[in-house]
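Data first, discussion second: the structure below is written as C-alpha cells.
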Amino acid sequence: MPIATTQSDFYNHLNDYLDRVTDGNQTVLVTRPNQRAAAVISQDQLNTLLEAVPAKEDSLEYTVARDKLINMHVLPDDPVVEPAADYWNSFKPKDKLK
C-alpha cells in the first residue's frame with residue numbers, strides 16, 4: 001500500500017521516506033499544489049517495471065518481471081485456483097477391462 005504525504009512533510013522527513021522506499025520497497029506518493037502528485041519508488045522497482053512494460057505477456061521476461069513485482073508487493077499475488085475434482089483423477093492409471 002503506498003504511503004501518501006504532503007510535499008512539506010516529505011521535505012522535512014526526506015531521509016525517513018527514502019529509507020522506507022529503498023529498504024522497505026514502499027512507494028511514497030507526494031501531493032503537490034494544484035492537485036499534482038509525484039511517486040517515489042526504488043531503483044529496483046523502476047528497473048523491474050521497465051523490464052515488464054515492453055515484454056510480451058506470455059514471455060519469460062514478462063513472467064520474471066511480474067514475479068519480482070509480486071515479491072516487492074507492487075502487484076498482488078496471483079489467486080490460488082483450485083482444480084476441478086476430476087483433475088487429479090486424470091493422472092491415475094485406468095483400470096484394464098477384463
Side-chain angles (χ1 to χ4, degrees):
M1 180 68 89
I3 301 168
T5 188
T6 63
Q7 183 174 329
S8 60
D9 187 59
F10 181 76
Y11 178 78
N12 290 332
H13 301 98
L14 180 64
N15 287 336
D16 293 334
Y17 283 114
L18 292 180
D19 286 344
R20 291 168 108 179
V21 168
T22 57
D23 298 338
N25 281 323
Q26 292 285 326
T27 299
V28 177
L29 302 176
V30 182
T31 57
R32 305 193 66 217
N34 299 326
Q35 298 182 348
R36 298 180 305 158
V40 181
I41 63 172
S42 70
Q43 183 69 48
D44 288 339
Q45 285 181 345
L46 177 61
N47 290 341
T48 304
L49 287 168
L50 293 175
E51 289 172 15
V53 168
K56 292 184 179 180
E57 191 169 339
D58 58 348
S59 69
L60 177 61
E61 292 83 10
Y62 178 85
T63 303
V64 170
R66 190 173 190 292
D67 284 347
K68 286 180 185 178
L69 291 170
I70 290 170
N71 289 336
M72 291 178 187
H73 305 288
V74 174
L75 292 176
D77 201 355
D78 294 326
V80 175
V81 177
E82 294 293 329
D86 60 341
Y87 175 77
W88 293 111
N89 290 333
S90 68
F91 295 104
K92 291 181 180 179
K94 308 246 189 257
D95 289 334
K96 293 183 181 180
L97 297 174
K98 293 183 182 182

Item to check | Counterpart residues, side chain to side chain donor-acceptor pair (under 3.5 Å), relative to Thr48 (two or more places apart) | outcome: none
Next on the checklist: Starting from Leu46, can I reach Leu69 by hopping between I/L/V/M/F/W/Y residues whose side chains sit under 4.5 Å apart?
Outcome noted: yes
For residues 33-40, which side-chain donor-acceptor pairs fall under 3.5 Å, sequence neighbours excluded?
from  : atom 1 : to    : atom 2 : distance (Å)
Arg36 : NE     : Pro33 : O      : 3.3

Below 3.5 Å, can you tabulate the donor-acceptor pairs from side chains in residues 17-31 to any protein atom, sequence neighbours excluded?
from  : atom 1 : to    : atom 2 : distance (Å)
Tyr17 : OH     : Thr5  : OG1    : 3.1
Tyr17 : OH     : Asp9  : OD2    : 2.4
Thr22 : OG1    : Leu18 : O      : 2.9
Thr31 : OG1    : Thr5  : O      : 3.2

Next on the checklist: As an exercise, state the distance from NE2 of His13 to OG of Ser8, rounded to the nearest 0.5 Å.
Outcome noted: 9.5 Å
Checklist outcome for this item: Quick note, ring-ring contact (aromatic ring centres under 6.0 Å, His included) partners involving residues 28-68, not counting sequence neighbours, are none
Item to check | All pairs passing salt bridge (charged side-chain N to carboxylate O under 4.0 Å, His left out) where residues 49-76 contributes a residue, at least two apart | outcome: Glu51-Lys68, Arg66-Asp78
Item to check | side chain to side chain donor-acceptor pair (under 3.5 Å) partners of Gln43, counting only residues at least two apart | outcome: Asn47
Item to check | Residues clustered with Leu60, ILVMFWY side-chain links under 4.5 angstrom | outcome: Val64
